[in-house]
Amino acid sequence: MVKRATIIAVLVLSLISSCYGQVTVGYYNNKCGTKDVESIIRGVVQARFSYEAAIVAFLLRLQFHDCLGDKQCDASLLLAGPGSEQTAVPNFTVKGYDLIDAIKAALEQECPGVVSCSDIIAAATRDAVVLVCETISCT
């Protein structure tokens, strides 16, 4: 079971790297004054993971569905409303939107208008997978 989860995590994370963006660890350093964007994201993810470990699976699936269709990770899955990607049958049971909204709210309070939604999804998913690996020793 653990190996299966690790394999799925690696496959989904490979999707993240194949997206067109060039975001790397530290990309947002010095783009938000003294605020550390990555630690804000990590903090919100960590808080949620502490009481709902399944958030890792939710984020992996959200990332997968956001990047799969057009091979671009564009956060279009976050758009709600009739006829949106969120309401499409394959995406109907995707979860984790509330966590992304919480991260966006935290970032907008500390660093308004700087971090893209697709970067939030990618960083949150990465941080969630790291938390699982720290918990179960993926190495």
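Because the structure is predicted, anything quoted here is derived from the model rather than measured. Scope of the values below: all heavy atoms of this structure, side chains included, with no hydrogens, waters or symmetry mates.
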Residue pair Leu99 / Phe58, side-chain heavy-atom distance below 4.5 Å:
no
Note, Ile100 side chain near Leu59 side chain (heavy atom, < 4.5 Å)
yes
Mind checking whether Leu78 and Val114 sit in one hydrophobic cluster, side chains of I, L, V, M, F, W, Y counted as touching below 4.5 Å?
yes
Just one of Ile55, Val129, Val132 clears the side-chain contact (heavy atoms from CB on, under 4.5 Å) bar with Leu60, so which one?
Val129
Gln46 versus Leu131: any side-chain heavy-atom pair under 4.5 Å?
yes
Keeping to residues at least two apart or across chains, list the salt bridge (Lys or Arg N to Asp or Glu O under 4.0 Å) pairs with something in residues 26-36.
Lys35-Glu110
Is the backbone N or O of Gly113 less than 3.5 Å from a side-chain atom of Glu108, with the two atoms forming a donor-acceptor pair by type?
yes
Closest non-hydrogen atom pair between Val44 and Ile103, with its separation:
CG1-CG1, 3.5 Å
Heavy-atom pair with the smallest gap, counting every atom of Lys95 and Leu62:
O-CD1, 3.6 Å
Tell me, with the steps shown, if Cys111 and Val37 meet side-chain contact (heavy atoms from CB on, under 4.5 Å).
CA-CA 8 Å; Cys111 189; Val37 168; 4.3 Å; yes
So do Arg126 and Ile41 actually touch side chain to side chain, heavy atoms under 4.5 Å?
no
Look up atom CG in Asp127 and atom CZ in Arg48, then write down how far apart they are to the nearest 0.5 Å.
14.5 Å
Grab the two heavy atoms, one from Tyr27 and one from Glu38, that are nearest each other, plus how far apart they are.
N-OE2, 4.0 Å
Rounded distance (nearest 0.5 Å) linking atom OG of Ser116 with atom NZ of Lys104:
11.0 Å
Smallest separation among heavy atoms of Val56 and Ala128, with atom names
CG2-O, 3.5 Å
Ile121 with Leu79, same ILVMFWY side-chain cluster at under 4.5 Å:
no
What closest approach, in Å, do Glu85 and Asn91 show between heavy atoms, and which atom pair accounts for it?
O-ND2, 2.8 Å
With a sphere of 6.0 Å drawn around CG of Asn30, does it hold more than 12 non-hydrogen atoms of other residues, nucleotides or ligands?
no
Report the C-alpha separation of Phe64 and Val94 in whole Å, then their side-chain angles, then the decisive distance to 0.1 Å, and conclude whether the side-chain contact (heavy atoms from CB on, under 4.5 Å) test is met.
CA-CA 10 Å; Phe64 176 79; Val94 171; over 6 Å; no
Minimum-distance pair of heavy atoms, taken over all atoms of Ala75 and Ser118:
CB-N, 3.5 Å
